[in-house]
Amino acid sequence: MTGQDPRTDEELLAAHAAGEPDAFGVLFRRHRDRLWAVALRTTNDREDAADALQEAMLSAHRAAARFRGEAAVTTWLHRIVVNACVDRLRRRQAHLTVPLPGQAGADDDDRHAPSRNEPAAPSTDHDTAMVVRAALAELPYDQRAALVLVDLQGYSVAEVAQLMGVAEGTIKSRCSRGRSRLAVMLGHLRNLSDSPDVGGTRPQDVTPGGGL
């Protein structure tokens, strides 16, 4: 069986639950890149992202028989990945003597935190993307996860609320607070140019969207 299997996600998950040995692998390969992107941008750490994704897929593998079709399979998979990432971030926080990046009192020497020294104004779009990613990593994990899903992955607020198991208003609030913090952290980008069309980005326009 290959990644070109014509069956729908729902059919593959049902086949897996019925005991077909290769069905879940086909399903995972179909969505692997997007699930990995969510895990990596939520944790901001390749090792944590890999571990969270592995944990999530093991959970999905075991829970397939309980899938009731109340949401799309891809939404169900994303929910499990996001939950695994948030759980990992919470466990990491619980074992730290300092807060996570983006929270008051965070230690600049924490290996997971980007430098808090204001970076030099980037000269290319690639550098700007790296600066925005670093700023995104400093947000509290609830704001970061909401922004990753809404602004980077293109989910609606309603879908993200369902993914994270909270009210829509909570997601809107997390996104608003996260964007406001990003605008402050990325204020130095206004020095790139007096015009938003030269060098490219005004602080008020900067969100994690646009493929950054």
Side-chain angles (χ1 to χ4, degrees), residues 1-5 9 12-13 16-17 21-64 66-67 71-103 106-115 126 129-155 159-160 162-165 174 178 208-212:
M1 194 174 296
T2 71
Q4 301 301 314
D5 193 298
D9 291 345
L12 284 168
L13 193 64
H16 162 67
D22 297 325
F24 191 84
V26 174
L27 180 65
F28 171 66
R29 287 190 295 273
R30 183 177 291 177
H31 299 288
R32 174 177 53 201
D33 291 348
R34 199 172 187 193
L35 294 172
W36 169 249
V38 168
L40 183 59
R41 285 167 172 155
T42 303
T43 62
N44 195 46
D45 182 285
R46 295 186 70 86
E47 183 176 349
D48 278 346
D51 289 344
L53 184 57
Q54 182 178 28
E55 291 171 6
M57 291 303 97
L58 284 172
S59 295
H61 190 277
R62 295 166 181 161
R66 298 196 296 274
F67 178 74
V73 170
T74 183
T75 300
W76 179 72
L77 290 174
H78 275 69
R79 180 189 301 133
I80 295 173
V81 171
V82 169
N83 287 340
C85 290
V86 171
D87 286 346
R88 180 162 287 273
L89 288 170
R90 285 172 176 159
R91 290 199 300 269
R92 181 203 297 172
Q93 184 183 27
H95 287 86
L96 291 175
T97 57
V98 294
L100 281 172
Q103 296 178 328
D107 190 331
D108 290 345
D109 291 332
D110 185 284
R111 70 180 181 89
H112 298 288
S115 171
H126 176 70
M130 292 181 66
V131 171
V132 174
R133 288 192 187 109
L136 179 65
E138 293 203 38
L139 296 178
Y141 54 75
D142 58 348
Q143 295 174 21
R144 187 193 316 165
L147 285 178
V148 164
L149 290 168
V150 172
D151 288 347
L152 282 171
Q153 298 300 318
Y155 282 96
E159 288 171 325
V160 176
Q162 184 180 35
L163 282 170
M164 301 187 73
R174 289 176 181 177
L212 296 181

Does any part of the side chain of [Y], heavy atoms only, come nearer than 4.5 Å to the side chain of [X], both counted from C-beta?
X    : Y    : value
R34  : H78  : yes
L77  : V81  : no
E159 : L149 : no

Gap between atom [atom2] of [Y] and atom [atom1] of [X] - 0.5 Å precision:
X    : Y    : atom1 : atom2 : result
L12  : R29  : CG    : CZ    : 10.0 Å
E138 : R144 : CD    : CZ    : 9.5 Å
C85  : N44  : SG    : CG    : 11.5 Å

Review point. How would you list, by chain and number, every residue that makes a side chain to side chain contact (heavy atoms under 4.5 Å, CB included) with Q162, sequence neighbours excluded?
Key: A71, T75, R79
**Study point:** Single hit among L147, V148, D48 for side-chain contact (heavy atoms from CB on, under 4.5 Å) with T42
**Key:** V148
Study note, to complete from the structure: Minimal heavy-atom distance between L27 and D9, with the atoms involved, is CD1-OD1, 3.5 Å
**Study point:** Minimal non-hydrogen separation, H16 against A64, with atom names
**Key:** CD2-CB, 3.3 Å
Return a table of donor-acceptor pairs under 3.5 angstrom between the side chains of residues 49-63 and protein atoms on other chains or two or more places apart.
residue : atom : partner : partner atom : Å
E55     : OE2  : R88     : NH2          : 2.4
S59     : OG   : E55     : O            : 3.1

Exercise for review: Taking R30 for its side chain and D5 for its backbone only, find out whether a donor-acceptor pair lies under 3.5 Å.
Suggested key: yes
